[in-house]
Structure formats: structure tokens, C-alpha cells
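Since the structure comes first, as C-alpha cells, the remarks are kept for the end.
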Amino acid sequence: TTGMVTLDPGYTNTGSTTSKITYIDGDAGILRYRGYPIDQLAQQSTFIETAYLLIYGELPSASDLESFTSRISRHTLLHEDLKRFFDGFPRDAHPMPVLSSSVSALSTFYQDSLDPFNPEQVELSTIRLLAKLPTLAAYAYRKSIGQPLLYPDNSLGLVENFLRMSFGFPAEPYVVDPKLARALDQLLILHADHEQNCSTSTVRLVGSAHANMFVSVAAGINALYGPLHGGANEAVLQMLSSIRSEGGDISSFVKRVKNKEPGVKLMGFGHRVYKNYDPRAALVKATADEILASLGGDDELLDLAKQLEEIALSDEYFIERKLYPNVDFYTGLIYKAMGFPTKMFTVLFAIGRLPGWIAQWREMINDPMTKIGRPRQVYTGYPERAYTPAADR
Ligand code: SDX
């Protein structure tokens, strides 16, 4: 049997680890970044301030936040050769592999400053990644709609800059809608870290081999792309849209889920850790009505989502399996109302999760107890047997 392998200190071969960054209580539905409850951060903080908290461990003073913000804004531009990278992708390329490959490629421009054990270079990589990921993400979107790539405008904040590079036009000034910017800022806070989830564990595993921060994050982006992980926010919209297009019969869809029809899951439901309502989903749901009302979102799909949740939460099948909405269940509806296509939803998740990946990578690389990640297995194959020549097989 798999049983519990004894835990080594630091990075254990079971893939679990010690960390001071994020605390989750799956049964109580608690999530805290560096001790601060997620609802207080979502309501009172900003994404860039939360990024500082996750990475450096404390909420910044006003002057520290100002210097952090201005350091980031000086690195939002990409090397012109990297911009040309986007010419090579097919027009309908999914932006997630575009993002992961361009983040890997980004590291090729900084090969002389990627030493994971040089604090100045780790700081520079931190600022470069935080600054350039939104630019890369906006460019992946613009490439997919055949529109020109806009240079960053550093008079804008990180989120406003991303919105302008995504939705702005070269021919006319783009005025960022403050409601849109605040809504996206809050969603990014909710996604900023989540303990040892699949993509963060990937970032730690790759980094534990002393690979640099950029390629470790690129690996995390690839893990997040999976529909069971960050790709679920895209899958939820596809699920809701197909229920609607097939006449909106929620009960028959739920029956298909319960019959475990291949490929039919209640996307946006369930969690490896939360066996209660995901606190992030509750926060998104609470603001969804208000945000969709102000942005003119698809209320029909929101109503469908709420009906689906209501039916599921009263159905023994989901109750006994402790399946509740997770962070991906409602977020896609808001991203759609913001004007993003479903293909961009997981890219938005990646922008949000980046500070967490960076914080966790730095914690891992600075932990003297960290060993290279090397999970063991329970061997269930053949016992020893002798080789037989092809003529005898
Ligand atoms: C994220 O880890 C993190 O922190 C991730 C994340 C983060 O911030 O990084 O929170 C982000 O990835 C959220 C999850 C997004 N994924 C989805 O919404 C995809 C749909 N959900 C699942 O596929 C599933 O719930 C997982 C992958 C999230 C969890 O899978 P588990 O751990 O295998 O689920 P489980 O062991 O709790 O399942 C128990 C039972 C099983 O049925 P039985 O074999 O007991 O009969 O519940 C069933 C599962 O088949 N089940 C589902 C289901 N999720 C679990 N049945 C229908 N629909 C679902 N969504």
C-alpha cells in the first residue's frame, strides 16, 4: 500500500513541505496570506501590496510600497527581440502555452543574472517577472485577436497598464474604467497564493534542482493550464454555456455528473483541500452581482451558475463528497464581463498567482533544509525476470 512515507525535513520525498507563507484550513474554509485573512486583504489591500506581503513577509510602509511599485514600473517593457517572438505563434494559439514559452524565453535575455543564490539577482528576477508577465499576457491576447502590441504606459499602475495593453487602441487614448480595474485587482488578490497546489508544487520542484526563477515559473504556468487546476475557470464557462445551449436543463446535467459520464464533471466544484466552501468563491460570488451589474455581464449564465450551485449543494451526492464551489466557479463570469475571451481566463489566474509562485520559490531556495524534490514510489511491476532473445518471444 502507499501508506505514509516518513517525512524528510525541508522538501520531503512526499512532495510536502514547511512554509510560512499561506495557511489554509480546508474544513473551516480559512485562507490567510502571512496571517492576514483573505477577506480583509481582498477588501482593503491592493494586488501589488499583497504581492509585496507574500514575497517579503510584511505589509509594506507607504515608502516601501512606492519604491516597490516604481521599481516594477521600470521593467514593464520587453526586449524588442522578445516582442518578435509573438510573430511566430499561430493566430489561434491558446495564450497559456504562449505565456509559458515566452516566460522561459524571457530568461534567455538575462542569462548573466539568474543565479538562484545571488540575492541581488533574485531580487532583479522578482521585479522583472512581476513587471513583464502582465505585458506578456496582454501581448498573448492581442496576438490572438490580430491587434497591435501596445507599449506599456508607466504612468499607470500594474493592473491599469495590463488593461490598457489588452483593450487599448493605438489610434485613441484608452481610459481605464476604475470599477473594472478594482474588480480585476481584487480577483488577482484572491488568486495570489494557495499553499502547495499543483502549480506551486511544480515551481518548487523545478526550483529545488536549482533551476532559475523564470523557468521554474514557466513550469508552474504549464501545470496551471490543466483543466483540473487553473484551466477550470475556462471549463466552467464552457460547461455553463453548453447547459444553456442545450436548453438549460440543469437537472439532467447533474444526473450525467452523478452517473460519472466520461469527461462530465461539475467544473468549478470540489477541491483537494477545501471540504467546505472555498472562501475565495464566497467572496467572488458576493461581488459577482455588483460587478456584473456595473460591467453589464451575462446575468443569464450567472443565474444558471447559482441554480447549479443550489441544486448541487442540496444533493446527497455532492454533500457526502463534500463538493463545494471553488475559486474557479464564478470568476470566469466576471472575466467574461470584463471583455476577456474564455481562453484568457487561466492567463488571468497566472497573473494573480505569480507573486505566490515567486514567494514560494524564494522560500524554497533560501531554506537550507531544501533537498532536490525526488518523490519515491511503490513498485507494482514485474519481479526480476531473465531477458529472452527476439526469436524466442
Ligand atoms: C484549483 O489545490 C489548490 O489549491 C488548487 C487551487 C489553487 O488556488 O491553486 O485552489 C485552484 O485548481 C481549484 C480546482 C479547480 N478544478 C476544478 O474545478 C475541476 C473540477 N474539480 C475536480 O476535478 C476535483 O474536485 C479536484 C481535481 C479539484 C479535486 O479532485 P479530487 O481530490 O480527486 O476530489 P476528491 O477526492 O475530493 O473526490 C471525491 C469524490 C470522487 O468521487 P468518488 O470516487 O468518491 O465517487 O468526488 C468526485 C470524485 O470523482 N468529484 C467530483 C468532482 N470533484 C470530485 N465529481 C463531480 N464533479 C467534480 N468537480
Side-chain angles (χ1 to χ4, degrees), residues 2 15-17 19 21-27 29-33 38 41-42 50 54 96 187-204 217 219-240 243 250 253-285 305 308-309 311-313 315-333 342 345-357 359-360:
T2 51
S16 63
T17 185
S19 174
I21 300 171
T22 291
Y23 172 73
I24 296 175
D25 179 328
D27 293 326
I30 292 173
L31 168 59
R32 299 187 199 120
Y33 296 161
I38 188 65
L41 292 169
T50 300
L54 286 166
M96 280 298 276
L187 287 175
L188 295 176
I189 292 172
L190 293 177
H191 286 82
D193 192 48
H194 211 242
E195 202 218 65
Q196 304 311 315
N197 57 84
C198 179
S199 54
T200 300
S201 300
T202 303
V203 170
R204 278 181 170 257
V217 165
I221 295 171
N222 287 318
L224 188 72
Y225 182 26
L228 292 190
H229 189 12
N233 56 19
E234 185 178 339
V236 168
L237 250 290
Q238 285 151 2
M239 172 185 75
L240 293 173
I243 293 171
I250 296 175
F253 175 76
V254 169
K255 203 175 292 167
R256 292 177 58 208
V257 171
K258 290 162 69 174
N259 292 337
K260 297 193 173 185
E261 271 185 35
V264 180
K265 275 179 177 273
L266 187 44
M267 298 311 277
F269 259 67
H271 201 274
R272 293 299 283 133
V273 177
Y274 290 126
K275 300 306 173 188
N276 197 327
Y277 213 102
D278 182 334
R280 302 166 298 176
L283 287 164
V284 175
K285 182 183 176 184
L308 188 49
E309 176 190 343
I311 291 175
L313 295 190
D315 186 309
E316 219 21 65
Y317 181 90
F318 299 95
I319 294 169
E320 67 191 19
R321 290 170 174 79
K322 296 185 179 181
L323 300 179
Y324 292 88
N326 58 51
V327 68
D328 293 312
F329 190 62
Y330 286 105
T331 42
L333 290 164
T342 46
F345 291 1
T346 313
V347 170
L348 296 169
F349 193 145
I351 296 173
R353 186 50 53 88
L354 179 64
W357 287 332
Q360 299 265 356

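The basis for the numbers below is simple: all heavy atoms, side chains too, and nothing from hydrogens, waters or symmetry mates. Whatever order the structure lists them in is the order used to number ligands and atoms, beginning at 1.
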Per-atom contacts of ligand 1 with [X], taking only distances under 4.0 Å to non-hydrogen atoms:
X      : answer
Asn326 : 13 (C), 14 (C), 15 (C), 17 (C), 18 (O)
Gly270 : 25 (O), 28 (C)
Gly268 : 17 (C), 18 (O)
Ala232 : 15 (C), 16 (N), 17 (C), 18 (O)
Arg353 : 7 (C), 8 (O), 9 (O)
Arg321 : 40 (C), 42 (O), 43 (P), 45 (O), 46 (O), 47 (O)
Lys260 : 42 (O), 43 (P), 44 (O), 46 (O)
Val257 : 57 (C)

* Asked: Does atom CZ of Arg272 have more than 12 heavy-atom neighbours, drawn from other residues, nucleotides or ligands, at distances under 6.0 Å?
  ->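 Check fails, neighbour count at 12 or below.
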* To do: For Tyr23, enumerate each residue passing the side chain to side chain donor-acceptor pair (under 3.5 Å) test, keeping only those at least two apart in sequence or located in another chain.
  =>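 Residues passing side chain to side chain donor-acceptor pair (under 3.5 Å) with Tyr23: none at all.
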* Please identify each residue that fulfils side chain to side chain donor-acceptor pair (under 3.5 Å) with Asn326, with sequence neighbours left out. =>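 Asn326: no side chain to side chain donor-acceptor pair (under 3.5 Å) contacts found.
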Closest non-hydrogen protein atom to [atom], residue and atom name please, with distance?
atom                    : answer
atom 11 (C) of ligand 1 : His229 ND1, 3.8 Å
atom 29 (C) of ligand 1 : Arg272 CD, 3.8 Å
atom 27 (C) of ligand 1 : Leu228 O, 4.1 Å
atom 58 (N) of ligand 1 : Leu266 N, 3.0 Å
atom 38 (O) of ligand 1 : Leu323 CD2, 4.8 Å
atom 2 (O) of ligand 1  : Asn197 CB, 3.4 Å
atom 24 (C) of ligand 1 : Phe269 O, 4.2 Å
atom 19 (C) of ligand 1 : Met267 CE, 3.6 Å

* Is there a nitrogen or oxygen of His194 sitting under 3.5 Å from a nitrogen or oxygen of ligand 1? ->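 Yes; at least one N/O pair falls below 3.5 Å.
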* To do: Looking only at distances, please establish whether an N/O atom of ligand 1 is found under 3.5 Å from an N/O atom of Lys265.
  =>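 By distance alone, the answer is yes.
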* Please state which part of Asp328 comes within less than 4.0 Å of ligand 1, counting heavy atoms only: side chain, backbone, both or neither. =>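 Side chain only.
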* **Within-cutoff protein neighbour (heavy atom, under 4.0 Å) for atom 55 (C) of ligand 1** =>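 Yes, at least one protein heavy atom sits under 4.0 Å from atom 55 (C) of ligand 1.
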* To do: Would you verify that at least one protein heavy atom lies under 4.0 Å from atom 52 (C) of ligand 1, or report that none does?
  =>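 Yes, there is a protein heavy atom closer to it than 4.0 Å.
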* Asked: Given the rule in the side-chain contact (heavy atoms from CB on, under 4.5 Å) test, do Tyr330 and Leu283 qualify, once you have shown the distances and angles that lead to the verdict?
  -> CA-CA 10 Å; Tyr330 286 105; Leu283 287 164; over 6 Å; no
Please confirm whether the backbone N or O of [Y] pairs with a side-chain atom of [X], one donor and one acceptor, at under 3.5 Å?
X      : Y      : result
Lys260 : Arg256 : no
Asp278 : Arg280 : yes
Asn233 : Thr331 : no
Arg204 : Thr200 : no
Tyr33  : Ile189 : yes
Ser201 : Gln196 : yes

Could you tell me whether the side chain of [Y] reaches within less than 4.5 Å of the side chain of [X], counting heavy atoms only?
X      : Y      : value
Asp193 : Thr50  : no
Asp328 : Phe345 : no
Leu313 : Pro325 : yes

* Asked: Given His191, His271, Arg280, which has its nearest heavy atom closest to atom 5 (C) of ligand 1?
  ->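 Nearest heavy atom to atom 5 (C) of ligand 1 lies in His271.
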* Asked: atom 35 (P) of ligand 1: which of Lys275, Glu320, Lys322 has the nearest heavy atom?
  ->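 That would be Lys275.
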* Asked: So, do His194 and Phe349 have ring centers that fall under 6.0 Å from each other?
  ->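 Not close enough - the centres of the two rings lie 6.0 Å or further apart.
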